[in-house]
Amino acid sequence: MSTLELSEQEIIRRKSLEELNKLGINAYPAAQYKTTHLSTEIKQEFDPEKDNMKEVVIAGRIMSRRIMGKASFAELQDAEGRIQIYLNRDDMCPGEDKTLYNTVFKKLLDMGDIIGVKGFVFQTQMGETTLHVQELTVLSKSLKPLPIVKEKDGKTYDAFTDPEMRYRQRYVDLIVNPQVKEVFEKRRTIIRTMREMFDNAGYLEVETPILQPIPGGASARPFITHHNALDIPLYMRIANELYLKRLIVGGFDGVYEFAKDFRNEGMDRTHNPEFTVMEIYVAYKDYKWMMEFTETMLEKVALALHGKTTVTIGDKEIDFKAPYRRLTMIDAIKEHTGIDINGMNEEQLFKVCDELHIEVDETFGKGKLIDEIFGEKCEGHMIQPTFITDYPVEMSPLCKKHRDNPELTERFELMVNGKELCNAYTELNDPIDQLERFQEQMKLSEKGDDEAMFIDMDFVRALEYGMPPTSGMGIGIDRLTMFMTGQDSIQDVLFFPQMRPEKKVQPDSDEKFAELGIAPEWIEVIRAIGFSKVDALKETKHTKIFQDICGYNKKNKLGLKNPSQDEVKAWLA
RNA sequence: GACUCAGUAGCUCAGCUGGUAGAGCAACGCCCUUUUAAGGCGUGGGUCCAGGGUUCGAAUCCCUGCUGAGUCACCA
């Protein structure tokens, strides 16, 4: 990168780096740096009465500096937090040579640099536990200045909040906004709590294909890719359901997977193209059992995170204490619209949608119509955790028919804060019924529903060998994390949410400028005054370019010999 | 995909009905040995997102585009 494209502060930092090298200091040393403590450990263990920490070594990033002549305070941030360090010229440099303090620390180090320090711990007059530095090692020089965030009594000054920069440069966000780390630590706790529960129950954690020849297990548009050696299309999975059920056929009594799924659909506050789902399948159980299992699981997760079952989301308090309300889909619709859709045919349902002013189109089947009514009129009202049960058979092609009503299926979704969180079935294990349901989906697909499921004949074949009665459940981990941590955007629970790629104007090469007869030393200057393209340069008056580059030369004290006006004119000819 | 809002110094933001850009922090220089968001004094720092248009003159008004956020639509 040419220095002319850098900001003033970046240039200064690069110069400091050179100065360090000249002093024989490697700003990027290779050797391991052995620390004895983390910042939090020092704060916990230090007892000023006993003066019990005479030699500690820590490493971290300089986050603030207060220099007062021969002594300075700085804050070092490590993986756990921040600790203040105290640097005194004559303690760091006991001999005649004061370079390490005067030059290295005061002049050549900056906020953002990573250093290691060795010394003893004491308490300042202000009562703050502080490390008195006796040795300092440069571990990594930072060439880009960090945003400066300051905080006092919980009030934050100059917070780094621009969402675009926070998500694109998550590393900066993590350095500067400590609360962000907490969200991801909680995410880990959520997953760990669930995994422990499943493992204790004896279920097996498994991995199944992400690249699938038939994208099954859900209704969604997949990403398509291509395998060169096989010369076939492959789909990124939209669900892992069919593979996990094959494993139940194979003889495992309980399997689960924390899986990345991919759906080629719109993005918004609750949808990212890739997202994490946990699916679990347990043999010899039904969806009633699974409801109890699910509410127990969520109660455990809430307790592990907060020590209580209630969680605050926005202005609402949500209680994850089991048991949760159970409500059939038909009853939910009755409750929120006053209409009993029980036993209605497709035509009648179209009429209901019309009365309720719900937009539909003729490709919709019975199941999708009911789903629309529910989604439009009921879903948003389910704030406290509520199991919605017994979905119409048309919208649940992988789910067993209801034991009391063949129009319905043994399915539940868990609604929280007006959003779907879990989806579960008594799994369909009748191979003949399963094939028919797949064929129904084919008809929907022919009708124009581009999300209807594909037929997976191998899955049907697996069922033909016999799958024990099984219940399965899927839960969106991102959404769960949002609920449990009070974040209202999925981008805040993913380290690297999908973003449009950054676009940079691709500048013309040096060669292209050189072809015009421009001397190498002037090419950078021409870029610096705003011309990255040869074409743009050619369309500009030579007098303006002449003035701009001479002005730039003078202003930045480059010491170049200015070209004549005619020379500049010749470049553009 | 539609609409609304936003994009100005490394960061957070001002900038009125058009008159060639300001503050705080950060940086740089000097002075300061237990300070704590911010010590004192001084200095520098900008392709005002990009490209067009209107105008004597555009950060400001108009159009197009790019990026992000929000609302809706689509979607589990």
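To find a chain, count down the sequence lines: A is the first, B the second, and so on, and within it residues start at 1. It should be emphasised that the depicted structure is a prediction, and the values quoted were computed from it without experimental measurement.
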By the side chain to side chain donor-acceptor pair (under 3.5 Å) test, which pairs, at least two apart or in different chains, include something from residues 377-389 of chain A?
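Sorted result for residues 377-389 of chain A: empty, none.
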Pairing residues for A:F387 by the ring pair (Phe, Tyr, Trp, His ring centres under 6.0 Å) criterion, not counting sequence neighbours
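Ring pair (Phe, Tyr, Trp, His ring centres under 6.0 Å) list for A:F387, sorted by chain: A:Y324, A:F412.
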Touch check for [X], heavy atoms < 4.0 angstrom, all strands: base, sugar-phosphate only, or nothing?
{"X": "A:E372", "result": "nothing"}
{"X": "A:K106", "result": "nothing"}
{"X": "A:R168", "result": "sugar-phosphate"}
{"X": "A:R479", "result": "nothing"}
{"X": "A:D488", "result": "nothing"}

Take A:K107 and A:M111, find for each the nucleotide of RNA chain B with the closest heavy atom, and name the residue whose nucleotide sits nearer the 5' end.
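Result: A:M111.
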Closest-nucleotide mapping onto RNA chain B: is A:I12 or A:D371 further toward the 5' terminus? I mean the 5' end.
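This one resolves to A:I12.
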Which base, if any, makes a Watson-Crick or G-U wobble pair with [N], both distances under 3.5 Å?
{"N": "B:rU33", "result": "none"}
{"N": "B:rU43", "result": "B:rA27"}
{"N": "B:rG68", "result": "B:rC5"}
{"N": "B:rC48", "result": "none"}

What pairs with A:S489 under side chain to side chain donor-acceptor pair (under 3.5 Å), at least two apart in sequence or on another chain?
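Testing A:S489 for side chain to side chain donor-acceptor pair (under 3.5 Å), a comparison that skips the adjacent residues, returns A:Q491.
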Among all residues two or more places apart in sequence or in another chain, which pass the side chain to side chain donor-acceptor pair (under 3.5 Å) test with A:S471?
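A:S471: no side chain to side chain donor-acceptor pair (under 3.5 Å) contacts found.
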Do the numbers put A:R479 on top of the ring of A:F275, so that NZ or CZ is under 6.0 Å from the six-membered ring centre and no more than 45° off the axis?
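No, a cation-pi geometry is absent between A:R479 and A:F275.
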Look at A:R237 together with A:E257 and state whether they make a salt bridge at an N to O cut-off of under 4.0 Å.
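Looking at A:E257 together with A:R237, the answer is yes, because their closest N to O distance falls below 4.0 Å.
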Counting primed atoms plus P, OP1 and OP2 as sugar-phosphate and everything else as base, spell out the protein contacts along nucleotides 33-38 of chain B at 4.0 Å heavy-atom distance: B, S or - for each nucleotide, 5' to 3'.
BBBBBS
Let me have a per-nucleotide readout for nucleotides 1-12 of chain B, 5' to 3', with B, S or -, counting only protein heavy atoms under 4.0 Å.
---------BSS
Report yes or no: does A:N272 contribute a side-chain atom to a donor-acceptor pair with the main-chain N or O of A:E274 at less than 3.5 Å?
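Pair found, side chain donor or acceptor close to backbone of A:E274.
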